[in-house]
Structures are given as C-alpha cells and as structure tokens.
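Okay, so here's the structure we're looking at.
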Amino acid sequence: MASSRAILALCLLATVLCPALSRPRPLPNLPVDGPRNLANGLSYDFHADSCPNLVDIVWPIVESAVLGEIAIAAGLLRIFFHDCFPQGCDASVLLKGTDSELDLPPNLTLQPRALQLIEDIRVKVHAACGATVSCADILTLATRDAVFVAGQSEVFYFYEMPLGRFDSLAPANSSDVFALPQSSADANTLIDSFKTRNLEPIDLVALSGAHTIGKASCANFNNRFSEDSDFARKLAANCSSDANRLQDLDVTTPIVFDNRYFGNLLEGKGVFTSDQVLATDGRTQWAVQGLAQNKWWFYSQFRDSLVKLSQFQPNGNVGEVRRNSCFATNGQSSLLEEGFAASA
C-alpha cells in the first residue's frame, strides 16, 4: 500500500510540474492490493509470459482511435457493458451469425467502428504473440485504455485489469440480453438488475458515469418529453426540430471523461430516466452527490466497479481463444468474409 501511494504521488507531481508531458503514454500500472490470482483462473499476470508486450500493443491502437474520434471511447464502453452484463465478459456480443446478440434490439446501435477496432487489435496481438489472448481480454484492455485517453490525462495512471478470460462458444440467450437495463428504467429496476450481477448501488452510480461521454437518439429518451421541466421541454424541442438528432448524454462536457455528468443530474439535466432517477432515490442520491463533488473518488470508484464487473462470470470461465476472428468461433468459417469496416 505504501508503495502504491508513493507511485501515485510521483505521478501527480509529474502531472502538475510537466502538464505537456503527462499525456503521451500511460504511466506504469499501480500495484494491486490483494491477491494476483482470482476466481475462475483470472489473474493480473495471466499474459506475463505468453504476451509480455500486450499492453504496449493495445495502447497505441486505442489511443490513436480515441484521439481521432472520442465516440470510439463511448462505443467501447457500451460494448463492454453489453458483453459483460448478460452472461459475463466473454466476447459473446461480438459473434455474428445465427442467434447473434448483435441482431437483438438492445444491441442494434452498438458502434460498428468500435466493434471493428477490437478485431483490428486482435490481428496485431496475435501477429506478435500467437493466438494466446482472447477477444474478451482485448475488449477489456481496450475499454480501460479508452477511458484513460478520454480522461485527457486526469485519469493519469493505468490500473490493472484481471485477464485470462475465454471467448464464448455461443451467443448469450436472448432473455439475458433483454435483461440489459433500459434507459427508461426506474431506480428499483436498476438496483435489482445490478444486484443480480453482484453489483451494489455505488457500482450502478459509478458505471452510469460512463454516460459522461456518448450520445443517444431521441427514441431512447422520448418518454421524458411530457415531463414538466425546462430541461425536458428543451429535449423535446430539439428532437422535434431534428428527429435524427443525437443528444449528448453529458450536456456540459460531452467529450471529456469527467464527473460533470453527476453535477448535471443534481441540476435535473440527466438525459435518460435511468440517469435522472439516481439523483432522487435515497439509495443512490448520496453517491451522485459525492461523485459530483470529488472527481478523484469518481475515477477510483469507476475503476473499482469496472474491475468488479469484468470478473462477473456466472457460468464459469469456459470457451476458447478465437484464432481467426473475434466475430466467429473457431468452428465457424462462413462468417469471416464480412467485417464491420464497410459499415463503419
């Protein structure tokens, strides 16, 4: 613990004294307090021997993509959540073909460019290390890296993510996909849904903070148009003038991963019902207030909650490392011709 604090202090000092030098590369991982080896074969050191340069391969690809388009960060975060929530973090959401999760309504708007980025990274990683790293692990690392870049150097150190996941052999059941929280959900539904994934109300609030970046179509929040508030009327008016409008979910700092989203909620400016209810329900209101006041708490709590979600594996850690494509199991061959690049 003492060494972790010392490294963190040095990182902060470097950021303050040399702000121009604080962005170009991530700082070393802070040591993890606790066991290195976790349940279901996951480990913070899983690829230390099989792919020792894994982080150095993934990072520049993600950094370049997010610096070119901040929406990539939001896209990766959403893919990660939509993968992990139904049946655990196993890259099942990436599979194309029969019964694909991508064909179900909750996933129809997952970002093609972010999906293709995961496959692009797999190609680079497997070229360097062989087929030793799963698409699930690549998605996990890419999501972590995207948050770092989108934080514009305030999230100034890397945190380790447990690795060693296998890729699913089949898509998740449609019933599990439809269990993804909806943008119109109330607090009871959200809290109960997260509880089934071993996530507490503080995890719900922190992970909802991913909406500090990203956009949504009017159909995702049109249930708010009849509310008696200036903000709801403004949302309705904007959508009335442009039905294809994409609304920033953070109306203050939409292209920076920060804690301003929580301040918006306290001002009644949450775009989704599922966002705004967090600021009024007693089980979550305290967390919204605290995270709005302390950005460092948000960054550390988001880290903890993301790591916690990444370990959700209700069916155990079973499957394979996809060798040919993140969009197909090793037993498939007919789905390898079409990628997402054409629709990007």
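Counting from 1, the numbers follow the sequence of the chain as shown.
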Could you list all the ring-ring contact (aromatic ring centres under 6.0 Å, His included) pairs where at least one residue sits in residues 164-189, not counting sequence neighbours?
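Listed by first then second residue: nothing to list.
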Salt bridge (charged side-chain N to carboxylate O under 4.0 Å, His left out): which pairs involve residues 172-185, sequence neighbours left out?
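For residues 172-185, and leaving out neighbouring residues, there are no salt bridge (charged side-chain N to carboxylate O under 4.0 Å, His left out) pairs at all.
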More than 12 heavy atoms of other residues, nucleotides or ligands under 6.0 Å from [atom1] of [X]: is that the case?
X	atom1	result
Asn294	CG	yes
Leu169	CG	yes
Asp49	CG	no

Ignoring hydrogens and geometry, is there a side-chain-to-backbone donor-acceptor pair from [X] to [Y] under 3.5 Å?
X	Y	value
Arg323	Thr132	no
Asp83	Ser92	yes
Asn40	Leu42	no
His126	Val133	yes
Ser64	Pro60	no
Gln276	Gly270	yes
Ser310	Val307	yes
Asp137	Leu163	no
Thr189	Ala185	no
Glu69	Val66	no

Can you give me the closest heavy-atom contact between Leu207 and Ser305, atom names plus distance?
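Smallest interatomic distance, heavy atoms only, reads CG-CB, 3.8 Å.
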Nearest heavy atoms of Cys326 and Leu94, plus distance in Å:
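Looking at all heavy atoms of both residues, the shortest contact is O-CB, 3.4 Å.
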How long is the span from the [atom1] atom in [X] to the [atom2] atom in [Y], to the nearest 0.5 Å?
X	Y	atom1	atom2	value
Leu204	Arg283	CG	CZ	10.0 Å
Leu246	Cys218	CG	SG	8.0 Å
Ile121	Leu54	CD1	CG	9.5 Å
Arg122	Leu117	CZ	CG	13.0 Å
Asp250	Phe262	CG	CZ	10.0 Å

Which residues share a side-chain hydrogen bond (donor to acceptor under 3.5 Å, both in side chains) with Gln247, sequence neighbours left out
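Expected list: Arg245.
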Only counting residues at least two apart or in another chain, list the ones meeting side-chain hydrogen bond (donor to acceptor under 3.5 Å, both in side chains) with Arg78.
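Applying side-chain hydrogen bond (donor to acceptor under 3.5 Å, both in side chains) to Arg78 gives Thr109.
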Report the C-alpha separation of Phe194 and Phe85 in whole Å, then their side-chain angles, then the decisive distance to 0.1 Å, and conclude whether the ring pair (Phe, Tyr, Trp, His ring centres under 6.0 Å) test is met.
CA-CA 9 Å; Phe194 272 64; Phe85 206 84; 5.4 Å; yes
Quick one, Ser168 and Gln87 - any side-chain contact, counting heavy atoms below 4.5 Å?
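They are in side-chain contact.
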Within-4.5 Å side-chain heavy-atom neighbours: Phe327 and Gln116
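Counting from C-beta outward, Phe327 and Gln116 do come under 4.5 Å.
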Same cluster or not: are [X] and [Y] linked, directly or through other Ile, Leu, Val, Met, Phe, Trp or Tyr residues, by side-chain heavy atoms under 4.5 angstrom apart?
X	Y	value
Tyr261	Ile213	yes
Ile138	Val321	no
Phe80	Leu95	no
Leu76	Val123	no

Suppose clustering is done on Ile, Leu, Val, Met, Phe, Trp and Tyr with side-chain heavy atoms closer than 4.5 Å. Which residues sit in the same group as Phe272?
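Result for Phe272 is Phe221, Phe225, Phe231, Leu235, Leu249, Val251, Val271.
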Is the Tyr159 to Phe302 ring centre distance short of 6.0 Å?
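Distance test on ring centres: not under 6.0 Å, no.
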Answer yes when [X] and [Y] have at least one side-chain N-carboxylate O distance shorter than 4.0 Å, and no when they do not.
X	Y	result
Glu119	Arg322	no
Asp103	Lys96	no
Asp192	Lys195	no
Lys308	Asp203	yes
Asp258	Arg260	no

Thr253, Thr252, Asp275 screened by side-chain hydrogen bond (donor to acceptor under 3.5 Å, both in side chains) with Asn264, the one that passes
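Filter result, single survivor: Thr252.
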Which residues share a salt bridge (Lys or Arg N to Asp or Glu O under 4.0 Å) with Arg197, sequence neighbours left out
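Arg197 satisfies salt bridge (Lys or Arg N to Asp or Glu O under 4.0 Å) with no residue once adjacent residues are dropped.
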